[in-house]
Amino acid sequence: MKKPNILLTSLVVIIASFNIISIKAVENMYQPETIPTRYEIIKHVASYLRISGTTGRCDSEVIGKNGVNRITIHQKLQRYSGGEWTTVQLWRETTTSTSLSFSNTKGSLSSGTYRNHTVAYVYKNNDREVQREDSVEYTIR
């Protein structure tokens, strides 16, 4: 009877164990994970712009999660000019509630491309989060 080759048997065992480890690593890589929430105290921020003729209406909405005790919105009507966004009008509003909706209008806008740039500052005790949202862009010709 022929004796098993120890070197060959060891090599087969090593190769087999690498395949098992590789398969296990691939399985772990595709298992669904819990993706951490981007914001801990902000639930929702939205920024809208509507233009009728030469009048722009900016709407901003912020919703905080439970425990939020202050929200401040900086709403900026901006115009694209010279390769950058410049602020045409700035409005601010603050509440001690967990949500805030804020609307403003600006008339006599000149031709150009506009957006509503909303910056939300949301506070929960000593914690603060800031989120920026831009509306769709509108062009006045």
Side-chain angles (χ1 to χ4, degrees), residues 2-141:
K2 203 173 184 184
K3 291 183 179 178
N5 184 338
I6 294 178
L7 182 60
L8 184 59
T9 304
S10 298
L11 186 59
V12 169
V13 170
I14 290 171
I15 291 172
S17 65
F18 278 125
N19 284 338
I20 291 170
I21 292 170
S22 297
I23 291 169
K24 190 64 176 168
V26 170
E27 284 175 5
N28 287 340
M29 188 168 61
Y30 293 106
Q31 287 185 359
E33 296 180 19
T34 302
I35 298 172
T37 305
R38 183 174 171 198
Y39 294 98
E40 296 293 322
I41 59 177
I42 295 175
K43 186 183 282 187
H44 170 77
V45 176
S47 185
Y48 306 99
L49 174 63
R50 291 168 189 82
I51 291 187
S52 178
T54 60
T55 300
R57 177 186 164 121
C58 296
D59 292 289
S60 302
E61 178 180 84
V62 179
I63 301 172
K65 294 182 181 177
N66 288 337
V68 164
N69 52 7
R70 188 175 71 177
I71 296 174
T72 297
I73 294 177
H74 290 190
Q75 188 181 74
K76 299 176 184 180
L77 176 61
Q78 295 183 324
R79 183 175 182 268
Y80 192 75
S81 177
E84 65 183 18
W85 290 99
T86 57
T87 299
V88 174
Q89 183 73 45
L90 168 66
W91 298 279
R92 294 185 183 113
E93 184 72 23
T94 299
T95 186
T96 55
S97 178
T98 58
S99 65
L100 176 60
S101 294
F102 187 43
S103 299
N104 292 286
T105 58
K106 171 84 171 139
S108 303
L109 298 175
S110 60
S111 63
T113 301
Y114 292 86
R115 72 177 183 186
N116 174 14
H117 178 72
T118 298
V119 184
Y121 300 89
V122 181
Y123 301 85
K124 181 179 178 181
N125 301 322
N126 293 326
D127 295 328
R128 180 184 87 160
E129 290 179 348
V130 179
Q131 184 175 340
R132 293 166 178 79
E133 287 293 323
D134 294 321
S135 69
V136 296
E137 299 169 8
Y138 283 93
T139 300
I140 298 175
R141 299 197 189 280

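Sequence positions, counted from 1, serve as the residue numbers for this chain.
- Pairing each heavy atom of Thr55 with each of Gly107, the nearest pair is OG1-CA, 3.8 Å.
- Residues in residues 88-104 take part in no salt bridge (Lys or Arg N to Asp or Glu O under 4.0 Å) pair, two or more places apart or across chains.
- The list of salt bridge (Lys or Arg N to Asp or Glu O under 4.0 Å) pairs with a residue in residues 75-91, not counting sequence neighbours, is empty.
- For the salt bridge (Lys or Arg N to Asp or Glu O under 4.0 Å) condition, the pairs that include at least one residue of residues 42-63, sequence neighbours left out, are Arg50-Asp59, Arg57-Asp59.
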Quiz prompt | Ile51/Ile140 under side chain to side chain contact (heavy atoms under 4.5 Å, CB included): CA gap, chis, key distance, verdict | solution = CA-CA 8 Å; Ile51 291 187; Ile140 298 175; 3.8 Å; yes

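- Residues meeting the side chain to side chain donor-acceptor pair (under 3.5 Å) test with Thr113, sequence neighbours left out: Thr139.
- A search for side chain to side chain donor-acceptor pair (under 3.5 Å) contacts involving Gln89 returns nothing, not counting sequence neighbours.
- Among residue pairs with one or both ends in residues 122-141, none qualify as ring pair (Phe, Tyr, Trp, His ring centres under 6.0 Å); sequence neighbours excluded.
- Rounding to the nearest 0.5 Å places CD of Gln78 at 9.5 Å from CG of Leu90.
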Self-check item: Test log, rule side chain to side chain donor-acceptor pair (under 3.5 Å), inputs Thr118 and Glu133
Solution: CA-CA 5 Å; Thr118 298; Glu133 287 293 323; over 6 Å; no

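- The two atoms that bring Ser111 and Tyr114 nearest to each other are O-OH, 4.4 Å, heavy atoms only.
- With values rounded to the nearest 0.5 angstrom, Arg70 atom CZ is found 15.5 Å from Lys124 atom NZ.
- Leu49 and Cys58 make their closest contact through CD1-SG, 4.0 Å (heavy atoms, listed as atom of the first residue, atom of the second, distance).
- Considering every non-hydrogen atom in both Gly56 and Leu109, the closest pair reads N-CD1, 3.6 Å.
- Checked against side-chain contact (heavy atoms from CB on, under 4.5 Å), Glu129 has the following partners two or more places apart in sequence or in another chain: Tyr39, Glu40, Ile41, Ile42.
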Quiz item: What's the verdict on side chain to side chain contact (heavy atoms under 4.5 Å, CB included) for Thr98 and Asn66, showing C-alpha distance, side-chain angles and the deciding distance?
Solution: CA-CA 7 Å; Thr98 58; Asn66 288 337; 5.9 Å; no

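- For Ser101, there are no side chain to side chain donor-acceptor pair (under 3.5 Å) partners, not counting sequence neighbours.
- With sequence neighbours left out, the side chain to side chain donor-acceptor pair (under 3.5 Å) criterion links Ser135 to no other residue.
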Quiz item: What's the verdict on side chain to side chain contact (heavy atoms under 4.5 Å, CB included) for Ile71 and Thr94, showing C-alpha distance, side-chain angles and the deciding distance?
Solution: CA-CA 6 Å; Ile71 296 174; Thr94 299; over 6 Å; no

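- Between the side chain of Asn116 and the main chain of Leu77, no donor-acceptor pair closer than 3.5 Å is present.
- For residues 73-104, the pairs satisfying ring pair (Phe, Tyr, Trp, His ring centres under 6.0 Å) are His74-Tyr121, Tyr80-Trp85, with sequence neighbours left out.
- Pairs passing the salt bridge (Lys or Arg N to Asp or Glu O under 4.0 Å) check and including a residue from residues 101-122, sequence neighbours excluded, read Arg115-Asp134.
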